[in-house]
Peer 1: 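Here it is, the structure, as structure tokens.
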Amino acid sequence: MKFGQGLKGLSMGLLALALFSAPVVANASGVTVYKNGDKYVKIGGRIQMQYHSVNKSGDTNPANNTNTDSVFFRRFRPFIEGSVIPNWTGKFQWDMGKAADSNEVAIKDAYMRYTGFNNMSVT
């Protein structure tokens, strides 16, 4: 087999793989898990972990020399976005990391948008 024939076979194999594989698109704005015409559903999010270390040493009493370490989610913000009805899209994002007061979950972004008007949308 010649080198050019091998590249042609490889190209055809990659093309067949691309045509017959499930369409999943991943980028910074999430992963499209469903797409059919104008209907789609995306999921995604961002995670930021934080490590905190406190080293209390130097006290004359060795019992007071304590170290504490903690690891926690500073931000854990999943979202779901999509459109299942023509001309309507929406997004819902919540934070399960560090929330205000005693809340364990805080809503960070939530909207519905209507795009059925010419040259205008209402959010």
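We're numbering straight along the sequence, starting at 1. A quick note: this is a predicted structure, and the numbers were derived from the prediction, not measured.
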Peer 1: Are Tyr34 and Lys42 side-chain neighbours, meaning at least one heavy-atom pair lies under 4.5 Å?
Peer 2: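 Of all side-chain heavy-atom pairs linking Lys42 with Tyr34, none is under 4.5 Å.
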Peer 1: In Å and rounded to the nearest 0.5 Å, what is the NZ to CZ distance from Lys108 to Phe92?
Peer 2: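 Those atoms lie 12.0 Å apart.
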Peer 1: To the nearest 0.5 Å, what is the distance between CZ on Arg77 and CE on Met96?
Peer 2: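 Nearest 0.5 Å value for the CZ-CE distance: 12.0 Å.
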Peer 1: Side-chain contact, heavy-atom cut-off 4.5 Å: Asn87 with Phe117?
Peer 2: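 Heavy-atom side-chain distance check fails, nothing below 4.5 Å.
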Peer 1: Starting from the C-alpha separation in whole Å, work towards a yes-or-no answer on side chain to side chain contact (heavy atoms under 4.5 Å, CB included) for Tyr40 and Thr89.
Peer 2: CA-CA 9 Å; Tyr40 72 96; Thr89 60; 4.0 Å; yes
Peer 1: Tell me, do Thr32 and Val41 make a side-chain contact under 4.5 Å, heavy atoms counted?
Peer 2: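 Side chain of Thr32 against side chain of Val41, heavy atoms only: no contact under 4.5 Å found.
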Peer 1: Can Arg113 and Thr123 be counted as having a side-chain donor-acceptor contact under 3.5 angstrom?
Peer 2: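 Short answer, yes.
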Peer 1: Measure the spacing between OH of Tyr114 and OG of Ser121 and express it to the nearest 0.5 Å.
Peer 2: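 Reported to 0.5 Å precision, the distance equals 11.0 Å.
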Peer 1: For the residue pair Lys91 and Phe79, would you count it as a cation-pi contact if the rule is NZ or CZ under 6.0 angstrom from the ring centre and within 45 degrees of the ring axis?
Peer 2: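 Yes, Lys91 and Phe79 form such a contact.
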Peer 1: In sequence, state the C-alpha distance, the side-chain angles, and the governing distance for Lys39 and Ser83, and then conclude on side chain to side chain contact (heavy atoms under 4.5 Å, CB included).
Peer 2: CA-CA 5 Å; Lys39 298 177 183 179; Ser83 174; 5.7 Å; no
Peer 1: Within this structure, what is the OH-CD distance for the pair Tyr111 and Gln93, rounded to the nearest 0.5 Å?
Peer 2: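 The CD atom of Gln93 is 10.0 Å from OH of Tyr111, to the nearest 0.5 Å.
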Peer 1: Is any side-chain heavy atom of Pro78 less than 4.5 Å from a side-chain heavy atom of Trp94?
Peer 2: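 A side-chain contact under 4.5 Å exists here.
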